[in-house]
Amino acid sequence: MTAQMLIGFVLLLLMAMPVGYSLVISGWAALSVFGPMPSSMAVMKIFQPTQSFPLLAIPFFILSGGLMMSGKLGQKLVSLASMLVGKYHGGLGQVTVVGSTVFGGVSGSSVAEASALGSMLIPWQKREGYPGAFGAAVTSASSVIAGLMPPSIPLILFATVSNTSIASLFIAAVIPALMLAGGMMLACNIIGRRRGFPRLTLKYTSAEIKNTLFTALPALLMPVFIVVLLRAGIATPTEVSVIAVAYALVVSTVIYRDLTAERVMSALVNTVITTGIVMLIIAAANIIAYILTSGGVPQAVAQWAVEYLKHPILIILAINLLMLFIGMFLDLPAAILLLGPTLVSIANAIGLDLVQLGIIMCVNLSIGLFTPPIGTTLFVSSAIARERIGAVVKELGPFYLVAIVVLLLVSYVPALIIY
């Protein structure tokens, strides 16, 4: 049954069918045709995982990000980042990285961030004399920081698969996210210095910087606000997500005073579409996970890894190589939900903390978002910049290096994550 399901899944993907539909059709067919389960029970397996209280955090965090990112806030954040780092070598690239880090603490979605920031910053970089391919490369690479900064949608999905604390994952992800940001800013600085990219020459007074910082403060405080509430045990992740929506409404209405009915409707529509996509994959992945578990695949893979690879260092290296490869072809949510049960079994077998595994998975699969042939943020950024994928990939070399270094650190230095 497992073999038939995998063959069907691969064939449907080769026919260019969306991942969610491919999972549903191949899983349902395998259970109904080759397995002992009737069609009605297969449908129940698809429906069951959607009835989860923690998953309510996903639409609310998406909605809060949509409400905050669509108004004046984005312009304020870009202005602040320009004031802080625009004057340095590769300054506009660093502005993108800083913007991605802050936006990541609001949206939790890498693709939404690449689209929102890319639309603002890539044309600006081109006007200032930066190569369009470089602007697309910085945007596609730095936008994946949203996959780690709280409120991270991928981390919520991993928590549901592994039965791990969402709060622990959010807290553990902050340092790796900042490491990615710092490394990418350093890469922008070195590239800008070597290639003579133009630097911003505008001078700002301390009063202007303070005023811009004050107006951008609500967005800067969002991830801090989330982590504090979770760390102190004041609210559950789902409750925090609802509070985040209320916070976004208050900020947009009282502080920025730019909330309109059109913005609210646009945010709601985007939330429904994005949540629908994620929930389809969650539902479909459950039936796949059931088939794999029934066939003993996770346990068999874990036993094989322990028996043949033996040393935890080699096993973790194999996990990384597998996820880097899978991330090139599968979207991040689908990959987490499909690989999660098997990798959790391996982690339990070698004593790897599940929180650390979650961070390793998110960093790994985030790299896939800006890696061909299916990299989502890569395609979004390239389309905005109107540059060929090949030209953008050539500019991504230093950013791949930064991401791999961070991946190795979170894989083999658990003190960076578990504290």
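Counting from 1, the numbers follow the sequence of the chain as shown. When reading the values below, keep in mind they use all heavy atoms of this one structure, side chains included, and skip hydrogens, waters and symmetry mates.
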Looking at [Y], is its backbone amide N or carbonyl O close enough to the side chain of [X] to form a donor-acceptor pair, meaning the two atoms are under 3.5 Å apart?
X    : Y    : value
S152 : G147 : yes
S266 : E262 : no
Q356 : D353 : no
S64  : V245 : no
T139 : A136 : no
T253 : V250 : no
Y130 : I122 : no
Q94  : H89  : yes

Do you know the tightest heavy-atom contact between [X] and [Y]?
X    : Y    : answer
S381 : S140 : OG-N, 3.3 Å
V363 : A403 : CG1-O, 4.4 Å
A335 : I326 : CB-CG2, 4.2 Å
A137 : E395 : CB-CB, 3.7 Å
F399 : A141 : CB-CB, 3.8 Å
V240 : A235 : CG2-CB, 3.8 Å

Whether the S100 and S142 side chains hold a donor-acceptor pair (N or O, under 3.5 Å, no angle test) is what I'd like checked.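 Yes, a side-chain donor-acceptor pair sits under 3.5 Å.
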
Do T96 and Q125 have side-chain atoms, one donor and one acceptor, less than 3.5 Å apart?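 The answer is yes; a qualifying pair exists.
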
Other residues, nucleotides, ligands: >12 heavy atoms within 6.0 Å of F325 CZ: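 No - once you tally the heavy atoms of other residues, nucleotides and ligands closer than 6.0 Å, there are 12 at most.
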
So for atom CZ, which belongs to R195, do other residues, nucleotides or ligands contribute more than 12 heavy atoms lying within a distance under 6.0 Å?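 It does: R195 CZ has more than 12 such atoms within range.
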
When [X] is tested against each of [options] for side-chain contact (heavy atoms from CB on, under 4.5 Å), which residue passes?
X    : options                : value
I273 : V269, N270, T271       : V269
P154 : L148, I336, L169, V144 : I336
I359 : I417, V406, L416       : I417

Are any of the side-chain heavy atoms of [X] and [Y] separated by less than 4.5 Å?
X    : Y    : answer
L339 : I319 : no
P237 : L230 : yes
I58  : I62  : yes
Y247 : V251 : yes
P333 : I153 : no

Euclidean distance, [Y] [atom2] relative to [X] [atom1], rounded to 0.5 Å:
X    : Y    : atom1 : atom2 : result
L309 : H311 : CG    : NE2   : 11.5 Å
F214 : I255 : CZ    : CD1   : 7.0 Å
N364 : L324 : CG    : CG    : 4.5 Å
E239 : L56  : CD    : CG    : 11.0 Å
I171 : I226 : CD1   : CD1   : 11.5 Å
M323 : I360 : CE    : CD1   : 6.5 Å

Would you tabulate the side-chain donor-acceptor contacts of residues 172-193 under 3.5 Å, counting partners in other chains and residues two or more places apart, or write 'none'?
{"from": "N189", "atom 1": "OD1", "to": "R193", "atom 2": "NH2", "distance (Å)": "3.3"}

side-chain contact (heavy atoms from CB on, under 4.5 Å) between L357 and T164, worked out: CA-CA 10 Å; L357 175 64; T164 309; over 6 Å; no

Report the C-alpha distance between C362 and L155 in whole Å, list the side-chain angles of each, state the deciding distance to 0.1 Å, and finish with yes or no for side-chain contact (heavy atoms from CB on, under 4.5 Å). CA-CA 7 Å; C362 281; L155 289 177; 3.4 Å; yes

Take F60 and T275 through the side-chain contact (heavy atoms from CB on, under 4.5 Å) test and state the conclusion after the steps. CA-CA 10 Å; F60 282 109; T275 303; over 6 Å; no

Sequence neighbours left out, what pairs pass ring-ring contact (aromatic ring centres under 6.0 Å, His included) with at least one residue falling in residues 361-397?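 Only F370-Y400 qualify under ring-ring contact (aromatic ring centres under 6.0 Å, His included).
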
For R386, check salt bridge (Lys or Arg N to Asp or Glu O under 4.0 Å) against everything at least two apart and list the hits.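 Expected list: none.
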
Any chance you could lay out the side-chain contact (heavy atoms from CB on, under 4.5 Å) test for L67 and L259, step after step, and finish with the verdict? CA-CA 8 Å; L67 289 171; L259 189 65; 4.3 Å; yes

